[in-house]
Amino acid sequence: MASLFSIAQQNVSVGLIFLLLILFIGRRVYSVYFGPLAKFPGPKLAAATLWYEFYYDVILQGRYTFKIKELHQKYGPIIRISPTELHIDEPEYYEELYSQHKPRNKSTFYVDQFNFPYTSFTTVDYKLHRARRAALNPFFSKQKVARLQPMLSFMVEKLCNRIEEFRRTGEPLSIRPVYACLTTDVVTLFTVNRSWNHLDTPDFSPLWVETIQTISATGHLTKQFPFIFSTLPFLPRRLIAAMNPGLVMLLDFQNKIQEDTRTILNGVYKSNQEYNELGLDKTIVHALLESDLPQEDKKYVRLWQEAQVSIGAGGDTTANALTTTHFHILNNPPIHRKLLAELKETLPNSYDRVDLRVLEQLPYLNAVVNEGLRFSYGVSTRLQRSHPTEVMIFHEWEIPVGTPVGMTSVHVHHNEAVFPEPYKFKPERWLQGRPQGSPPLDRYLVAFSKGSRQCIGMHLAKAELLMTIAMVFRRFEQQELFETTRADVDIHHDFFVPAPAFGSKGVRVIFK
Ligand code: HEM
């Protein structure tokens, strides 16, 4: 009797599993062939399962961006790249998708890869995002950044002093970590009024550089398995490190920001004369606390997470843009000479005080910086947007309400119709007149994205780029690349920010 009962039990379990499997397959078949996205072209496997993206981004490590480009070549300008997502490769559509005024939600699949759900950056709903962003806008405004001129001069001067040490010894300097130290020191001082002073460390804080790069690379895994984050508090640190060192680094990074936020809330923050002279104002925490946001949006967790986003978003992106631009200037001697000539005319003495407003007017410097942004892409991963209540139209296609649609800066920036000879570093393209009726070229420069969710730190980033390139190239007239080729800067992996092929020793420069 007992064995009959157990056989029956086994049969029920097998039946249940079978039923679930049928349901699962049925749903997938429905989604691929009959669901609302079935009409969009693309590989059926990508439409059926997220494992397709997993293969390219997790197993092959940051390669889906490139596969998506290949798929566009095969299937056309709009394709289905996952069970729930579409992708567009047509530069003209960028300002429509990343609209300033139309409702644009982010995608949960994208934002869940980060372990900070309470920030404006990770806010899915467009209405809530607008309120949160409005509270932060004055803190990041162009006028505010203009007042930071003394702080930026001070920081870039510090950078030049470190480079001078290497000039004296003639030792090659790996510049990406050095720029990461600069941009982190700037953004921490700006955000929480406490610079992390990485530029003062003899070895340029290699752990920090590794931290930001490892955290970025972890995103492809946590995007697919966001529940990893909820298990972390229950796991021993050593186990987490063994699973993925980036996760431990992320937790340490968060602890550090939490400590800074607590210090600020305890009333210990610098607002002394020295800080005022550097043009610094209050911290991002104060900006939020003094804003019109409702009380529940001023909770501790929101405060430290907004600080974390600002520091995380402002460091590596800017360091990457600086490194890429620096490489291309040195890799093209005529460009180097032309830039230097313009800088010498404006700053006859290499130690002249550099005025940001003057730099903003220098045509060639600005063209070089734009071309550097084109080659450094900002975020190399696609950024999804959806309309929560209406169908979006792309040519003859009707995109169903709420469907996440992405575009990718790497594709836009190398579009041959917009940027002829797209793989050539050519600042001149930014100075040439445009054919009649064509929009200005910077419409297609999307490193900071566009619209209501465009990079809020853009003014600070541009100021850093102009000041740093101007000062470093004016101060050090003689410099050359050391055992560095394009393979050391060209994107080979998309780790949220671009990365070259494994094995690269980075961009190394000898200052003479
Ligand atoms: C060259 C340097 C930089 C580039 C290329 C860049 C690029 C970007 C891009 C593409 C986005 C949009 C991401 C998305 O749609 O999910 C973004 C957002 C953001 N960036 Fe930047 N960024 C740079 C520097 C900075 C700096 C210096 C800061 C802070 C001081 C900063 C803070 C932010 C924040 C807070 C957001 C989220 C804005 C929002 O969602 O409302 N970024 N950035």
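One-based numbering, in listed order, for ligands and for the atoms of each. Numbering starts at 1 and runs along the sequence shown.
With hydrogens and angles left out, the side-chain atoms of Ser449 and Tyr94 include a donor and acceptor closer than 3.5 Å.
Enclosure of atom CG in Asp292 is not indicated, since only 12 or fewer non-hydrogen atoms of other residues, nucleotides or ligands lie within 6.0 angstrom.
Both the backbone and the side chain of Thr318 come within 4.0 Å of ligand 1, counting heavy atoms alone. Heavy atoms of Tyr110 found under 4.0 angstrom from ligand 1 belong exclusively to the side chain.
At the shortest separation from atom 40 (O) of ligand 1 among protein heavy atoms lies Phe121 CA, 3.3 Å. When only non-hydrogen protein atoms are considered, atom 15 (O) of ligand 1 lies nearest to Arg385 NH2, 2.8 Å. Regarding atom 10 (C) of ligand 1, its nearest protein heavy-atom neighbour is Ala447 O, 3.2 Å. Atom 39 (C) of ligand 1 has Arg133 NH1, 3.4 Å as its closest protein atom, hydrogens excluded (heavy atom only).
You'll find the side chain of Arg176 reaches within 4.5 Å of the side chain of Asp316, heavy atoms only. The shortest distance between side-chain heavy atoms of Phe66 and Arg63 falls below 4.5 Å. Under the 4.5 Å side-chain criterion, counting only non-hydrogen atoms from C-beta, Leu173 is not in contact with Arg162.
Residue contact check for ligand 1: Phe140 places a non-hydrogen atom closer than 4.0 Å to it. Under a 4.0 Å heavy-atom criterion, Tyr98 is not in contact with ligand 1. Residue Lys462 places every heavy atom at 4.0 Å or more from ligand 1.
Figure legend: Lys256 and Trp196 shown as a cation-pi pair, the cationic atom lying under 6.0 angstrom from the six-membered ring centre and within 45 degrees of its axis.
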Before you tell me yes or no, could you show the steps for Tyr118 and Tyr300 under side-chain contact (heavy atoms from CB on, under 4.5 Å), namely the whole-Å CA-CA distance, both residues' side-chain angles and the distance that decides it to 0.1 Å? CA-CA 10 Å; Tyr118 298 106; Tyr300 169 65; over 6 Å; no

Begin with the C-alpha distance, continue with both residues' side-chain angles, and end with the deciding distance and a verdict on salt bridge (charged side-chain N to carboxylate O under 4.0 Å, His left out) for Glu259 and Arg262. CA-CA 5 Å; Glu259 194 187 306; Arg262 271 196 303 272; 5.6 Å; no

- prompt: Is there a side-chain contact (heavy atoms from CB on, under 4.5 Å) between Asn115 and Thr222 once you walk through the steps?
  reply: CA-CA 9 Å; Asn115 191 20; Thr222 51; over 6 Å; no

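Remark: among candidates Arg382, Arg453, Lys106, the nearest residue to atom 16 (O) of ligand 1 is Lys106, based on non-hydrogen atoms.
Heavy-atom proximity to Val379, at under 4.0 Å, picks out these atoms of ligand 1: 10 (C). Each of the atoms 39 (C), 40 (O), 41 (O) of ligand 1 lies under 4.0 Å from some heavy atom of His129. Set against the non-hydrogen atoms of Val309, the atoms of ligand 1 under 4.0 Å away are 35 (C). Listed by atom number, the atoms of ligand 1 under 4.0 Å from Leu460 heavy atoms are 30 (C). Which parts of ligand 1 touch Ser310 is read off a 4.0 Å heavy-atom cut-off, strictly below it: atoms 29 (C), 30 (C).
No salt bridge links Glu360 with Lys462; every basic N to acidic carboxylate O contact stays at or beyond 4.0 Å. Using a cutoff of 4.0 Å between basic side-chain nitrogens and carboxylate oxygens, Lys102 and Glu390 are not scored as salt-bridged.
Remark: Gln61 engages no residue in a side chain to side chain donor-acceptor pair (under 3.5 Å) (not counting sequence neighbours).
For ligand 1, none of its N or O atoms has an N or O atom of Gln454 under 3.5 Å away.
Closest approach of His326 and Val509 over heavy atoms only: NE2-CG2, 4.1 Å.
Around atom 21 (Fe) of ligand 1, the protein atoms of type N, O or S found under 2.8 Å away are Cys455 SG, listed by chain and number.
Exactly one of Tyr444, Tyr423, Phe419 qualifies for a ring pair (Phe, Tyr, Trp, His ring centres under 6.0 Å) with His414. That residue is Tyr423.
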